[in-house]
Amino acid sequence: MSTIEIPDTITITRPDDWHLHLRDGAAMASVLPHSARQFARAIVMPNLRPPVTTTAMALDYRARILAALPEGVQFEPLMTLYLTDNTNPDEIRRAQDTGFIHAVKLYPAGATTNSDAGVTDLTKCYKTLEVMQEIGMPLLVHGEVTNSDIDLFDREAVFIERVMRPLRRDMPALPVVFEHITTKDAAQYVAEAEGPIAATITAHHLLYNRNELFKGGIRPDFYCLPVLKREEHRLALVTAATSGDERFFLGTDSAPHAVHTKYAACGCAGCYTALHAMEMYTEAFAQAGALDQLEAFASFNGPAFYNLPRNEGTITLKREAWTLPASVPMAEHQLVPLNAGETINWKML
Ligand SMILES: NC(=O)N[C@@H](CC(=O)O)C(=O)O
Ligand SMILES: [Zn+2]
Ligand SMILES: [Zn+2]
């Protein structure tokens, strides 16, 4: 373990969340203030029901988010489109022209929550991807193959070989974000790859390995996709996040599911971390003796990749223990945050 002294407070430029699920309607109104407290902007995932597949839908969704913001709270939703087999190249140009839509999301059909309308074969999307490449619109990728014969824990590594490498060979100038990476394979691929590629890393994948899912019994709070991996993978993610390599940046993948859908015989995938994401990241960087790298990861590398300005202002985190609530309301239901009822070491002021 490092013997670097850990300061009692840390102040960094206001961060952004480059991968967030806000849902819609009353549920969105419940969770939005949590993210708006922690982050200035967020890339908002389009996996609603129905998915956000058109520019018009994305602009409407953006307006609903802005309307749900509490009085006086500043937060900028950066919108995305959900790629399908049928996304028209013109839709990409329309999206780009608005200035509000910053990326297009690839969900392999069946890979995760609300991905049924996702892409069945990426070569069907090549005309659309060519336009994205031409105008520099990033493709955000949920990087798991969906074949049931591939072991769940290997789906990200297999995705690199079967989808990511061929895609980037065919579209070398297309900006790609390998979202929520969970393996040393993905960290290494991104660190070594040529051209415009980056990766987001969640706080929970920096702090936990797959043992957490089964500690003393099955713990649905820790179930997300891609699923937590072995300790060697967690360590590789920590190394990547704290390396100073600007290809790695913050994306919480905070994914709210009401408690009755998560604590079920077939519980939903997704960890809710919007309440305390910066505290979790700070803990992970402190454990690695790398608090000096937190600001680049949380506040600089993302805007650089997306060609957006850095935020003005700062946030401060204090080394002070506090206890997370057992649950928070989400519309007419309850939502259990990750680490519910646990004490954590950092507090955002
Ligand atoms: N991460 C998850 O486990 N779930 C996300 C979808 C996703 O990002 O894959 C969700 O929308 O619930
Ligand atoms: Zn995903
Ligand atoms: Zn996600």
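Both ligands and their constituent atoms are indexed starting at 1 by order of listing.
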Any N or O of Thr113 closer than 3.5 Å to N or O of ligand 1: yes

Is there at least one pair of N or O atoms, one from Ala255 and one from ligand 1, spaced under 3.5 Å apart?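 No, there is no polar N/O contact under 3.5 Å.
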
Does a side chain donor of either [X] or [Y] reach within less than 3.5 Å of an acceptor in the other side chain?
{"X": "Asn86", "Y": "Thr84", "value": "no"}
{"X": "Lys318", "Y": "Thr9", "value": "no"}
{"X": "Gln293", "Y": "Thr242", "value": "no"}

Could you list the atoms of ligand 1 found under 4.0 angstrom from a heavy atom of [X]?
{"X": "Cys224", "value": "3 (O)"}
{"X": "His180", "value": "8 (O), 9 (O)"}
{"X": "His142", "value": "9 (O)"}
{"X": "Arg23", "value": "10 (C), 11 (O), 12 (O)"}
{"X": "His19", "value": "8 (O)"}

To the nearest 0.1 Å, how far is [atom] from its closest protein heavy atom, and which atom is that?
{"atom": "atom 3 (O) of ligand 1", "answer": "Leu225 N, 2.8 Å"}
{"atom": "atom 7 (C) of ligand 1", "answer": "Thr112 OG1, 3.4 Å"}
{"atom": "atom 1 (N) of ligand 1", "answer": "Asp253 OD2, 2.7 Å"}
{"atom": "atom 4 (N) of ligand 1", "answer": "Ala269 O, 3.1 Å"}

The atom of His142 among N, O or S that is nearest the Zn ion (ligand 2) is ND1

Do [X] and [Y] belong together in a cluster built from hydrophobic side chains that touch within less than 4.5 Å?
{"X": "Phe248", "Y": "Ile43", "result": "no"}
{"X": "Leu81", "Y": "Tyr126", "result": "yes"}
{"X": "Phe297", "Y": "Leu140", "result": "no"}

Proximity of Asn114 to ligand 1 by residue part, where a heavy atom lies under 4.0 Å: neither

Where the closest heavy atom to atom 12 (O) of ligand 1 is concerned, which of His257, Lys262, His21 has it? His257

For Glu134, does the CD atom have more than 12 heavy-atom neighbours from other residues, nucleotides or ligands under 6.0 Å away?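 It does: Glu134 CD has more than 12 such atoms within range.
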
Does the Lys NZ or Arg CZ of Arg310 fall within the cation-pi geometry relative to Phe300 - under 6.0 Å from the ring centre and within 45° of the axis?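 Checked: cation-pi criterion met.
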
Taking the six-membered ring of Phe153 as reference, does the cationic atom of Arg210 (NZ for Lys, CZ for Arg) lie under 6.0 Å from its centre and within 45° of its axis?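 Satisfied, under 6.0 Å and within 45°.
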
With rounding to 10 degrees, what does the angle Asp253:OD1 / the Zn ion (ligand 3) / His19:NE2 come to?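 It rounds to 90°.
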
Is the ring centre of His205 less than 6.0 Å from the ring centre of His233?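 Here the rings of His233 and His205 have centres that are no less than 6.0 Å from each other.
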
Measure from the Zn ion (ligand 3) to every N/O/S atom of His21 and report the name of the nearest one. NE2

